[in-house]
A.B. asks: 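What follows is a structure written as structure tokens; I'll ask about it next.
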Amino acid sequence: MKILVPVKRVIDYNVKPRVKADGTGVDLANVKMSMNPFDEIAVEEALRLKEAGSAEEVIAVSVGPAKAAETLRTALAMGADRAILVETDETVEPLAVAKILKAIMAEENPGLVVLGKQAIDDDSNQTGQMLAALTGRPQGTFASKVVVEGEAVAVTREVDGGLETVKLTLPAIVTTDLRLNEPRYASLPNIMKAKKKPLDTKTPADYGVDIAPRLKTLKVAEPPMRSAGIKVPDVDTLVAKLKEMGVA
Amino acid sequence: MKTLVWVEHDNAVVKDATLHTVTAAAKLGEVHLLVAGAGCAAVAEAAAKIAGVAKVHLADDAAYGHALAENVAPLIVDLMGHHDAFLAPATTTGKNLAPRVAALLDVMQVSDILSVEGEKTFTRPIYAGNAIATVESTDAKLVITVRTTAFEKAACEGGSAAVEAISGGGDAGLSSFVGAEIATSERPELTSAKIIVSGGRALKDAETFEATILPLADKLGAAVGASRAAVDAGYVPNDYQVGQTGKIVAPEVYIAIGISGAIQHLAGMKDSKTIIAINKDEDAPIFQVADIGLVADLYNAVPELTGKL
Ligand SMILES: Cc1cc2nc3c(=O)[nH]c(=O)nc-3n(C[C@H](O)[C@H](O)[C@H](O)COP(=O)(O)OP(=O)(O)OC[C@H]3O[C@@H](n4cnc5c(N)ncnc54)[C@H](O)[C@@H]3O)c2cc1C
Ligand SMILES: Nc1ncnc2c1ncn2[C@@H]1O[C@H](COP(=O)(O)O)[C@@H](O)[C@H]1O
């Protein structure tokens, strides 16, 4: 089977985002961008399934600006076989991304689509579930373990109370949580090889998807600031403070 | 506007997350609830007593027992024929379910709302809470997940809503529940605790975490949390993780021990009323948000603190 892995180019997780002075968004000029960390985990999982013989081909997809090709090259350098860039400079919301992915699924017929659970820029946590809905397929979200068993996949999910396992018929949609695996680094030879791997460029219009946003962003503001408080010199002072607060 | 709220429950009791969500829904209009589960009539009865609720829809079917999104989403889509907004708490259940509903309705979901600013306008955190966006939906219907810490709990007594039994398509035949490992603990739940003691990578291993953090938590009657690093290293289970991609908490007192204060961790706890940090590095970023900081080796400070309380 084929595995489709959608990867998003986002602000690097080590960068502290700054709100633009005019309140229209977050300043991304000259900011380090990387693959969404959950998507690295998704790529890794797809590669492991391929290495275990459960899949033959891993296809990475990104919806975004021309520079998202770099993110796709990273996926290719990790080991993905080919990539599709759906190029647009517009902001594409999860619902529209899901519609594009649905169209790609119809062309490629993957047995599994492995996405990140959440993009660390919009923090939406929607795309995988939406894709599952649009294609009428089952979803295993927040996965910490994925086991392909014939025509089905068992997904262990990180839930609020602990862990839960569900069994899904293939094709299925899986979204990754942090404990699923530790993504590999791309080696230099593999980075070189990735430059020669196929990367198709398309547009949302090629898939007939209207990407006009449904949510209007009226304003982006800094969150209320917390100021640093006091430092206490020793445990006794801390105990006294806790008593003052009525905690102890 | 008529709203439909997903009741979070375990087929026996209504979870607190529901009560916070009801408060958010009431800001939009009339509140109806959906109790979907298996053998959950008692939940519907309790839900009917929540203050401000006009009606409870009860879908009692083996297929809804584990809230599988494949089975439950079509039920909600049917009910959305006569509701204007669907709201679920931003719990793992709500986050799993709501986007499936939204896509079936061709609606762009508004995730994790912090406030209701108007009929279709909300604030929500983006970039790990480093920015707050005000967004307006242009869709005909609303699908929303609610950050529970941002809304007070509705009173669980005072209402007397009618309970109406409904039925849906049942098992969609796409997925099945295999099993769960749900930890049961005498401790308060992380998301509703008044005091939380959290430990980080500095706690070395599961035994050290237990021996250091738990006695302090016990003394304070606190819930126990952790950083991602502590969870990844296996000191504690995944459901202890506080942060951008873990649980969002806002207790009266949050005590961070051996946690550096990465933005992803702060995203989950910086709305706590009082933050206390114990860290041996005086430059640790956690001190930039802490109300009370103690620069010390936790292996001396924490046992001493526990002893003196
Ligand atoms: C996509 C993504 C999502 C993430 N989501 C989350 C999340 O939800 N929650 C989360 O917490 N993190 C999350 N992280 C991880 C986050 O970036 C940090 O790596 C993590 O929070 C660090 O954990 P820590 O503070 O325990 O460890 P460290 O950063 O290693 O800090 C350990 C601290 O302990 C102190 N220390 C060491 N020894 C002692 C001692 N003897 N006494 C006192 N202090 C001591 C050190 O000074 C240091 O400050 C995420 C990361 C990514 C990429
Ligand atoms: N523009 C995009 N291109 C490719 N994949 C995406 C894009 N947006 C979201 N995704 C995928 O959907 C996941 C969840 O994103 P979100 O719903 O935005 O939090 C991400 O981790 C990606 O796997």
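Order of the sequence lines fixes the chain letters, A, B, ..., with proteins taken first and strands second; residue numbering starts at 1 for each chain.
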A.B. asks: Measure distances from B:S185 to the heavy atoms of chain A and classify the residue's part below 4.5 Å as side chain, backbone, both or neither.
C.D. replies: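 Neither part.
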A.B. asks: Taking every non-hydrogen pair under 4.5 Å, which of A:M245, A:M225, A:R179, A:E222 racks up the most with chain B?
C.D. replies: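 If we count pairs closer than 4.5 Å to chain B, A:R179 comes out on top.
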A.B. asks: Can you tell which part of A:A98 gets under 4.5 Å to a heavy atom of chain B, answering side chain, backbone, both or neither?
C.D. replies: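 The answer is neither part of A:A98.
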A.B. asks: Name the option with the most non-hydrogen atom pairs under 4.5 Å to chain B; the candidates are A:V19, A:D122, A:L242, A:V239.
C.D. replies: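 Of A:V19, A:D122, A:L242, A:V239, A:D122 has the most heavy-atom pairs under 4.5 Å with chain B.
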A.B. asks: Quick check on the interface: out of B:H66, B:Q241, B:E117, who has the most heavy-atom pairs with chain A under 4.5 Å?
C.D. replies: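 Most pairs with chain A among the choices: B:Q241.
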A.B. asks: I'd like to know which of B:N300, B:D232, B:I263, B:L309 tops the heavy-atom pair count under 4.5 Å against chain A.
C.D. replies: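 Sorted descending by pairs with chain A, the first entry is B:D232.
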A.B. asks: Any side-chain heavy atom of B:D106 sitting closer than 4.5 Å to one from A:K99?
C.D. replies: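 The answer is yes; the side chains approach within 4.5 Å.
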A.B. asks: Is A:D123 close to B:Q244 at the side-chain level, that is, under 4.5 Å between some pair of heavy atoms?
C.D. replies: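 Side-chain contact under 4.5 Å: yes.
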A.B. asks: With a 4.5 Å cut-off on side-chain heavy atoms, are B:V107 and A:R214 touching?
C.D. replies: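 No; the side chains remain at least 4.5 Å from each other.
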A.B. asks: Could you walk me through whether A:V235 and B:L294 satisfy the side chain to side chain contact (heavy atoms under 4.5 Å, CB included) test, starting with their C-alpha distance in whole Å, then the side-chain angles of each, then the deciding distance to 0.1 Å, before giving a yes or no?
C.D. replies: CA-CA 8 Å; A:V235 170; B:L294 175 64; 4.0 Å; yes
A.B. asks: Counting only heavy atoms not in B:K141, do more than 12 fall under 6.0 Å of its NZ?
C.D. replies: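 For B:K141, atom NZ is crowded (more than 12 foreign heavy atoms under 6.0 Å).
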A.B. asks: I'd like to know whether B:N96 forms a side-chain hydrogen bond (donor to acceptor under 3.5 Å, both in side chains) with A:Q139, so could you lay out the CA-CA distance, the side-chain angles of the two residues, the decisive distance to 0.1 Å, and finally the verdict.
C.D. replies: CA-CA 9 Å; B:N96 183 51; A:Q139 64 191 55; 2.8 Å; yes
A.B. asks: What part of A:Y13 is in contact with chain B, defined as an atom under 4.5 angstrom from a non-hydrogen atom: side chain, backbone, both or neither?
C.D. replies: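 For A:Y13, backbone and side chain are both near chain B.
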A.B. asks: Less than 4.5 Å to any heavy atom of chain A: does that hold for the side chain of B:Q264, its backbone, both, or neither?
C.D. replies: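 Only the side chain of B:Q264 comes within 4.5 Å of chain A.
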A.B. asks: Which bit of A:E158 is near chain B, if near means a heavy-atom gap under 4.5 Å: side chain, backbone, both or neither?
C.D. replies: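 Both backbone and side chain.
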A.B. asks: Given a strict heavy-atom distance threshold of 4.5 Å, which part of B:A296 is in contact with chain A: side chain, backbone, both, or neither?
C.D. replies: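 Contact with chain A: none, neither part.
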A.B. asks: I'd like to know whether A:T141 forms a side chain to side chain contact (heavy atoms under 4.5 Å, CB included) with B:K95, so could you lay out the CA-CA distance, the side-chain angles of the two residues, the decisive distance to 0.1 Å, and finally the verdict.
C.D. replies: CA-CA 9 Å; A:T141 51; B:K95 289 191 277 199; over 6 Å; no
A.B. asks: For a quick test of reading the model, state the closest non-hydrogen atom pair linking B:S175 to A:P138 and the distance between them.
C.D. replies: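 Looking at all heavy atoms of both residues, the shortest contact is CB-CB, 4.3 Å.
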A.B. asks: Using a 4.5 Å cut-off on heavy atoms from C-beta on, say whether the side chain of B:T245 contacts that of A:L178.
C.D. replies: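 Yes, side chains in contact.
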A.B. asks: Taking every heavy-atom pair that is under 4.5 Å apart, which of B:L68, B:V231, B:V101, B:D112 has the most such pairs with chain A?
C.D. replies: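 Result: the option with the highest number of such pairs is B:V231.
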A.B. asks: Would you indicate whether B:E282, at its atom CD, is surrounded by more than 12 heavy atoms from other residues, nucleotides or ligands within a distance under 6.0 Å?
C.D. replies: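 No.
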A.B. asks: For a side chain to side chain contact (heavy atoms under 4.5 Å, CB included) check, start with the C-alpha distance between A:I120 and B:Y127, then their side-chain angles and the critical distance, and finish with the verdict.
C.D. replies: CA-CA 6 Å; A:I120 61 162; B:Y127 293 88; over 6 Å; no
A.B. asks: Does any backbone or side-chain atom of A:T217 lie under 4.5 Å from a heavy atom of chain B? Answer side chain, backbone, both or neither.
C.D. replies: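 Contact with chain B is through both the backbone and side chain of A:T217.
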A.B. asks: Rounded to the nearest 0.5 Å, what separates atom CD in A:Q118 from atom OG in B:S111?
C.D. replies: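 So the CD of A:Q118 and the OG of B:S111 are separated by 8.5 Å.
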A.B. asks: Under 4.5 Å between any side-chain heavy atoms of A:M130 and B:R100, yes or no?
C.D. replies: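 Side chain of A:M130 against side chain of B:R100, heavy atoms only: no contact under 4.5 Å found.
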A.B. asks: Is chain A contacted by the side chain of B:L114, its backbone, both, or neither, given a heavy-atom distance below 4.5 Å?
C.D. replies: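 Neither part.
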A.B. asks: Measure the shortest side-chain to side-chain distance between B:I195 and A:V247 over non-hydrogen atoms and say whether it is less than 4.5 angstrom.
C.D. replies: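 The answer is yes, as the side chains (C-beta and beyond) meet within the 4.5 Å cut-off.
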A.B. asks: Please classify the contact between B:K273 and chain A as side chain, backbone, both or neither, with a heavy-atom cut-off of under 4.5 Å.
C.D. replies: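 For B:K273, backbone heavy atoms alone lie under 4.5 Å from chain A.
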A.B. asks: Which one wins on heavy-atom pair count under 4.5 Å against chain A: B:T138, B:I292, B:I132, B:L104?
C.D. replies: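 Winner by heavy-atom pair count: B:I132.
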A.B. asks: Show the nearest heavy-atom pair for residues B:A103 and A:A133, with the distance to one decimal.
C.D. replies: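 B:A103 and A:A133 have their closest heavy atoms at CB-CB, 3.7 Å.
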A.B. asks: Is it true that atom NZ of A:K231 has more than 12 heavy atoms of other residues, nucleotides or ligands lying nearer than 6.0 Å?
C.D. replies: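 It does: A:K231 NZ has more than 12 such atoms within range.
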A.B. asks: If I measure from the heavy atoms of chain A, does B:K270 come under 4.5 Å with its side chain, its backbone, both, or neither?
C.D. replies: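 Both backbone and side chain of B:K270 come within 4.5 Å of chain A.
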A.B. asks: When only pairs under 4.5 Å are counted, which of A:R157, A:K16, A:K241 shares the most heavy-atom pairs with chain B?
C.D. replies: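 The residue among A:R157, A:K16, A:K241 with the greatest pair count is A:R157.
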A.B. asks: So which of A:V220, A:V155, A:L134 has the largest heavy-atom pair count under 4.5 angstrom toward chain B?
C.D. replies: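 Result: the option with the highest number of such pairs is A:V220.
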A.B. asks: Side chain, backbone, both or neither: which part of B:A73 has a non-hydrogen atom closer than 4.5 Å to chain A?
C.D. replies: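 No part of B:A73 comes within 4.5 Å of chain A.
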A.B. asks: Where is the tightest heavy-atom contact between A:V159 and B:D239, given as atom of each residue plus distance?
C.D. replies: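 In terms of heavy atoms, the two residues are closest at O-CB, 4.0 Å.
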A.B. asks: Would A:I230 and B:D291 count as a side chain to side chain contact (heavy atoms under 4.5 Å, CB included) here? Give the steps.
C.D. replies: CA-CA 6 Å; A:I230 54 159; B:D291 300 283; over 6 Å; no
A.B. asks: With a cut-off of 6.0 Å (strictly less than), are more than 12 heavy atoms of other residues, nucleotides or ligands near NZ of A:K167?
C.D. replies: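 No, the 6.0 Å shell around NZ holds no more than 12 heavy atoms from other groups.
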A.B. asks: Please flag which part of A:N14 lies under 4.5 Å from any non-hydrogen atom of chain B: side chain, backbone, both or neither.
C.D. replies: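 Nothing of A:N14, per the 4.5 Å heavy-atom cut-off to chain B.
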A.B. asks: Considering only heavy atoms and a distance below 4.5 Å, find which of A:T165, A:T127, A:D177, A:I11 pairs most often with chain B.
C.D. replies: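 Maximum pair count with chain B is reached by A:T165.
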A.B. asks: Counting C-beta onward and ignoring hydrogens, is there a side-chain heavy-atom pair between B:T93 and A:D160 closer than 4.5 Å?
C.D. replies: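 No - every pair of side-chain heavy atoms lies 4.5 Å or more apart.
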A.B. asks: Mind checking the NZ-CG spacing from B:K308 to A:L238? Nearest 0.5 Å is all I need.
C.D. replies: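 If I round to the nearest 0.5 Å, the distance is 10.5 Å.
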A.B. asks: Under 4.5 Å from any heavy atom of chain A, what part of B:V289 do you find: side chain, backbone, both or neither?
C.D. replies: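 Contact with chain A involves both backbone and side-chain atoms of B:V289.
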A.B. asks: Please indicate whether A:K145 has more than 12 foreign heavy atoms, meaning atoms of other residues, nucleotides or ligands, lying under 6.0 Å from its NZ.
C.D. replies: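 Count not over threshold, so no.
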A.B. asks: Around atom OH of B:Y299, are there more than 12 heavy atoms of other residues, nucleotides or ligands at under 6.0 Å?
C.D. replies: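 More than 12 heavy atoms, drawn from other residues, nucleotides or ligands, come within 6.0 Å of this atom.
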A.B. asks: Just give me the residue among A:G23, A:P233, A:A132 that pairs up with chain B most often, heavy atom to heavy atom, under 4.5 Å.
C.D. replies: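 Result: the option with the highest number of such pairs is A:A132.
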A.B. asks: For chain A, which candidate among B:I278, B:V295, B:L174, B:T91 shows the most heavy-atom pairs at distances under 4.5 Å?
C.D. replies: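 Top count of heavy-atom pairs under 4.5 Å with chain A: B:L174.
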A.B. asks: B:T145, B:L97, B:I275, B:L190: which one forms the most heavy-atom pairs within less than 4.5 Å of chain A?
C.D. replies: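 Most heavy-atom pairs under 4.5 Å with chain A: B:I275.
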A.B. asks: Give, as side chain, backbone, both or neither, the part of B:R124 having an atom under 4.5 angstrom from any heavy atom of chain A.
C.D. replies: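 The answer is the side chain of B:R124.
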A.B. asks: When you compare the side chain of B:M108 with that of A:Q126, does any pair of heavy atoms fall below 4.5 Å?
C.D. replies: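 Touching, per the 4.5 Å side-chain cut-off.
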A.B. asks: Relative to chain A, which segment of B:Q288 carries a heavy atom at a distance below 4.5 Å: side chain, backbone, both, or neither?
C.D. replies: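 The answer is the backbone of B:Q288.
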